[in-house]
Student: 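Encoded as structure tokens, here's the structure I'll be asking about.
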4 protein chains.
Amino acid sequence: MKERARRKAQRPGEILEAAFDAFAERGFAATRMEDVAARAGVTKGAIYFYFPTKERLFEEMVDHYSRDMLADAGAMLASAQGGSAEKLRAFLEFMYGRCARDRYGREIIRLMVSDGKSFPQLVERHHRDFFAPAMRMVSELLAAGAASGEFRPEVAKHGAEIVVAPSVFLTLMRLIFGGSLELNEDAYIVCHIELLLNGLLTPSGRANLSPAKACGEDRSPI
Amino acid sequence: MKERARRKAQRPGEILEAAFDAFAERGFAATRMEDVAARAGVTKGAIYFYFPTKERLFEEMVDHYSRDMLADAGAMLASAQGGSAEKLRAFLEFMYGRCARDRYGREIIRLMVSDGKSFPQLVERHHRDFFAPAMRMVSELLAAGAASGEFRPEVAKHGAEIVVAPSVFLTLMRLIFGGSLELNEDAYIVCHIELLLNGLLTPSGRANLSPAKACGEDRSPI
Amino acid sequence: MKERARRKAQRPGEILEAAFDAFAERGFAATRMEDVAARAGVTKGAIYFYFPTKERLFEEMVDHYSRDMLADAGAMLASAQGGSAEKLRAFLEFMYGRCARDRYGREIIRLMVSDGKSFPQLVERHHRDFFAPAMRMVSELLAAGAASGEFRPEVAKHGAEIVVAPSVFLTLMRLIFGGSLELNEDAYIVCHIELLLNGLLTPSGRANLSPAKACGEDRSPI
Amino acid sequence: MKERARRKAQRPGEILEAAFDAFAERGFAATRMEDVAARAGVTKGAIYFYFPTKERLFEEMVDHYSRDMLADAGAMLASAQGGSAEKLRAFLEFMYGRCARDRYGREIIRLMVSDGKSFPQLVERHHRDFFAPAMRMVSELLAAGAASGEFRPEVAKHGAEIVVAPSVFLTLMRLIFGGSLELNEDAYIVCHIELLLNGLLTPSGRANLSPAKACGEDRSPI
DNA sequence: AATGAATGAGAGTTCATTCAT
DNA sequence: TATGAATGAACTCTCATTCAT
């Protein structure tokens with residue numbers, strides 16, 4: 001039977017999948033190799049044929065499931081149409097899809113939080129290959145929007161972080177409160193983008209606040 | 001000797017402090033009772049005099065360090081002066097102080113993420129006693145602002161989450177990237193509030209976007 | 001009860017004794033910590049309270065049981081009476097007692113042979129602290145005997161090794177063939193010393209051989 | 001292909017060679033079948049085609065490398081020329097060559113010491129087929145020498161062991177101290193034979209000792 | 001109140017052995 | 001013949017927990 005050959009080719013992937021489930025469920029330390037093995041339908045020993053230690057299994061699993069994130073982000077941005085606002089919306093929707101909605105992205109973030117200290121190279125890699133470039137993308141988007149007159153230029157420095165924060169916030173709430181968090185994600189996203197683009201203040205609220213030097217940066221009244 | 005009596009009264013607190021440090025450092029599963037004991041300057045056995053199991057020690061520690069958060073939040077809001085925008089700013093500064101800047105708040109969040117699944121009552125309690133009330137406070141603040149004409153009313157439903165998200169985002173980045181995250185927190189907060197209140201769009205950007213039904217909700221042009 | 005205190009003080013020694021028995025029986029690799037524990041009447045975990053690893057247990061055991069050998073050898077020599085021949089006989093009897101007859105000395109030699117490659121410092125220590133000094137003692141004894149006219153001076157260079165060899169040979173036979181080696185040790189020793197002192201040749205055999213340059217070194221006929 | 005056939009015929013020998021290297025390096029217990037396989041340039045499974053268990057592989061390897069020793073010893077003795085002393089010298093040189101100098105003989109002795117207890121038939125075989133006959137040969141040689149008046153007759157009982165001891169002693173030192181044992185083997189052998197044949201005492205030393213009944217056996221003064 | 005020696009149930013890892021290919 | 005993926009038992013070491021002192 002080709003059965004054997006087929007299994008062999010698939011085993012590493014199956015083990016990584018099982019490892020993802022197990023580690024996401026309980027974290028690195030509390031997960032036993034036997035848990036992973038059972039989920040993968042093999043015995044403990046078989047895992048060691050493919051991965052030399054629990055640490056390496058963890059690292060390779062995280063790498064495996066974070067590999068395409070950045071690539072996808074780049075591809076997404078490249079294909080975005082329209083003005084800066086449209087592009088920004090597209091990027092945010094990507095973030096929601098990849099971090100908040102997608103179980104893989106979400107749980108990888110959990111593992112970064114819970115076990116990142118034990119895997120500093122992993123964290124560094126994520127900073128270098130995903131977080132920093134993503135923030136840079138957003139910053140460039142904001143700058144381009146400012147240059148074209150669409151966006152207000154004041155948000156240069158930390159705008160990127162503020163802009164994506166709600167998607168990460170939603171992710172975190174899902175991680176902590178799980179299924180008990182009832183929330184209409186679509187409405188949440190709409191609200192996020194609406195608030196982001198238009199701000200909280202009414203014209204009159206703005207008028208009241210502006211003379212009092214609202215937010216640190218000098219700004220011409222609207 | 002009074003010394004002995006004083007030590008005795010302080011022991012539980014010292015152990016909780018040590019437990020916080022230890023659990024924050026490595027998470028629940030990877031922390032050994034002996035780590036906690038060593039940090040507290042006692043032996044393993046002593047801990048069991050005050051706390052019957054590792055689980056209970058963890059729970060009581062988390063309770064201990066999250067107890068005042070809600071109280072502080074309530075007190076803070078009650079004492080806030082000025083219009084809704086001022087109150088909102090005060091609340092956000094409280095959030096930054098309690099979650100992002102304060103090591104205790106930050107690490108408790110880490111533990112919620114990493115070990116919350118094993119302590120569902122803890123998570124529930126946090127949801128009931130801290131997260132939900134805090135969100136309610138913000139929602140009420142936004143509603144009051146809308147009623148008084150300061151805030152735009154469109155953000156009723158999910159505004160609270162969006163509004164606080166950047167402080168939680170900063171917290172999470174600190175948890176994951178630790179000291180290697182260089183960031184001027186003051187400037188970040190200023191940017192957050194500025195962007196929150198005034199939005200990203202310039203008047204012309206707004207004009208371009210509005211006819212195209214910018215953000216899902218119908219809205220009178222500004 | 002003082003039982004506990006008494007046990008506590010004796011435990012390390014009991015474990016070392018058990019470790020000696022177990023390692024001597026099966027060698028380092030084939031001995032399980034559980035074997036040692038069972039012989040010592042404790043559980044596996046208890047051993048780790050006193051010795052951090054199997055390797056360290058092994059090393060400390062070997063150290064423990066070889067510590068007095070050199071000291072004893074020195075004391076013995078210092079107290080030896082009579083001429084050089086008497087002293088030599090005393091030394092050889094010490095060797096037989098310590099290496100061949102004594103189970104501890106014998107089995108330590110076995111462990112040097114079987115596991116010395118894995119514990120090079122141990123081997124070095126034995127060379128530096130036991131083997132080399134012992135050989136030196138014998139060499140000095142031979143030199144003193146030669147100076148006093150008792151011993152033939154030709155054996156300067158390797159005489160020490162040749163002189164002690166039969167005791168080590170007996171040790172090795174005991175290690176390999178164990179109880180099945182039937183041998184009158186006393187007669188063996190007598191024969192050893194007799195042959196050592198007087199040589200194998202008769203005067204006539206000597207006469208036949210001498211002119212033919214018997215053994216490399218030039219030597220006046222007796 | 002002839003190549004394949006030739007390889008096939010050589011495989012068992014290659015595996016035995018690899019097994020010798022591996023077992024000699026680390027002993028039976030610490031050697032893994034995979035070590036042997038790697039040295040032999042095959043995979044684990046291939047070994048099991050030729051040898052059913054690790055134990056059998058070990059036994060056959062030891063047999064393989066000790067088979068010719070006795071035959072060689074017999075052949076050597078048969079071809080020895082000259083008087084008893086010459087024959088004895090020839091035998092001793094054979095011993096040095098086979099035990100001390102030859103890596104195979106030396107390491108087989110190591111394995112007898114380290115793992116003999118687990119392979120009692122192996123040890124018995126060695127005793128029956130090598131050690132006992134060799135000792136018998138030497139005994140007969142000594143008896144013949146005594147009969148011909150070359151050798152002193154007093155050494156009948158244990159002379160053989162004493163006579164060969166230095167070669168085994170050298171072997172053991174090499175096994176334990178390895179390359180760090182600096183020693184001129186030729187000079188060592190010369191010294192051994194010289195001392196063996198002529199003894200340690202000078203005529204005057206002998207005179208002093210004799211009246212005191214030096215070595216147990218009554219003996220006419222030289 | 002506190003100690004710390006001891007337990008015992010695992011945890012990660014190794015490896016002789018098997019067997020479908 | 002030979003491979004190498006897979007098993008499963010065993011091994012070293014860990015650690016929450018207990019308890020005599």
Side-chain angles (χ1 to χ4, degrees), chain A residues 1-9 11-12 29-37 40-55 57, chain B residues 4-5 7-9 11-12 29-37 40-57, chain C residues 1-5 7-9 11-12 29-37 40-57, chain D residues 4-5 7-8 11 29-37 40-57:
Chain A
M1 294 146 205
K2 294 295 158 35
E3 176 63 11
R4 197 175 178 86
R6 206 185 63 222
R7 291 310 290 260
K8 169 180 148 185
R11 269 287 138 78
T31 295
R32 299 169 317 168
M33 290 300 264
E34 195 149 358
D35 295 339
V36 177
V42 296
T43 56
K44 270 187 298 178
I47 298 181
Y48 285 90
F49 188 80
Y50 297 100
F51 305 95
T53 64
K54 192 185 176 190
E55 278 79 9
L57 172 61
Chain B
R4 194 177 180 90
R7 288 306 296 252
K8 177 173 108 180
R11 270 285 140 78
T31 296
R32 298 169 318 165
M33 291 300 264
E34 194 147 357
D35 295 339
V36 177
V42 297
T43 54
K44 273 182 300 178
I47 297 180
Y48 282 90
F49 186 80
Y50 298 101
F51 306 94
T53 64
K54 192 185 176 188
E55 278 78 10
R56 286 287 299 275
L57 171 62
Chain C
M1 294 145 207
K2 294 294 157 36
E3 177 63 12
R4 196 177 178 88
R7 291 311 290 262
K8 168 181 147 186
R11 271 284 139 81
T31 296
R32 299 167 317 165
M33 290 301 264
E34 195 149 359
D35 295 339
V36 177
V42 297
T43 55
K44 268 184 304 178
I47 297 181
Y48 284 90
F49 187 80
Y50 297 99
F51 305 95
T53 64
K54 192 186 176 189
E55 278 80 8
R56 286 287 299 275
L57 172 61
Chain D
R4 193 178 182 86
R7 286 309 292 254
K8 176 172 108 180
R11 269 286 139 79
T31 295
R32 299 169 317 167
M33 290 300 265
E34 193 148 357
D35 295 338
V36 177
V42 297
T43 54
K44 274 181 300 179
I47 297 181
Y48 282 90
F49 186 79
Y50 297 100
F51 306 95
T53 65
K54 192 186 175 190
E55 279 77 11
R56 286 289 298 275
L57 172 61

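A, B, ... follow the sequence lines: proteins, then strands. Residue 1 opens every chain. Values reported hereafter were calculated over all heavy atoms of this structure, with side chains retained and with hydrogens, waters and symmetry mates removed.
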Student: When rounded to the nearest 0.5 angstrom, what distance separates CD1 in B/Ile47 from CZ in B/Arg11?
Tutor: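 Taking CD1 in B/Ile47 and CZ in B/Arg11, the distance rounds to 10.5 Å.
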Student: Please convert DNA chain F into dot-bracket. A pair counts if it is Watson-Crick or G-U wobble with both distances under 3.5 Å; crossing pairs go in [ ] and bases paired with another strand get |.
Tutor: .||||||||||||||||||||
Student: Send over the distance from A/Tyr50 OH to F/dG4 P, rounded to a whole Å.
Tutor: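 It is 12 Å, rounded to the nearest whole Å.
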Student: Write down the distance between CZ (A/Phe51) and P (F/dA6), rounded to a whole number of angstrom.
Tutor: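 In whole Å, F/dA6 P lies 12 Å from A/Phe51 CZ.
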Student: Of all the choices, F/dA2, E/dT3, F/dG4, which nucleotide is nearest to the side chain of D/Ala46 once you look at every atom?
Tutor: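 Out of F/dA2, E/dT3, F/dG4, the nucleotide with an atom closest to D/Ala46's side chain is F/dA2.
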Student: Nearest heavy-atom pair of D/Ala30 and D/Asp35: which atoms, and what distance?
Tutor: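 Result for this residue pair: O-OD2, 4.3 Å.
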Student: Evaluate the side chain to side chain contact (heavy atoms under 4.5 Å, CB included) criterion for residues D/Leu57 and D/Lys54: first the C-alpha distance (whole Å), next the side-chain angles of each, then the deciding distance (0.1 Å), finally the verdict.
Tutor: CA-CA 5 Å; D/Leu57 172 61; D/Lys54 192 186 175 190; 5.6 Å; no
Student: Out of curiosity, C/Lys44 NZ to C/Tyr48 OH, how far, rounded to the nearest 0.5 Å?
Tutor: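 Rounded to the nearest 0.5 Å, the NZ-OH separation comes to 8.0 Å.
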Student: How many whole angstroms separate atom CD1 of C/Ile47 from atom P of E/dT7?
Tutor: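 In whole Å, E/dT7 P and C/Ile47 CD1 are 10 Å from each other.
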Student: Which nucleotides of nucleotides 12-17 of chain E have their base under 4.0 Å from a protein heavy atom (B), which only their sugar-phosphate (S), and which neither (-), written as one string 5' to 3'?
Tutor: SBBSSB
Student: Would you name the heavy atoms of A/Phe51 and A/Pro12 that are closest together and state the gap between them?
Tutor: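 Closest pair (atom of A/Phe51, atom of A/Pro12, distance): CZ-O, 4.2 Å.
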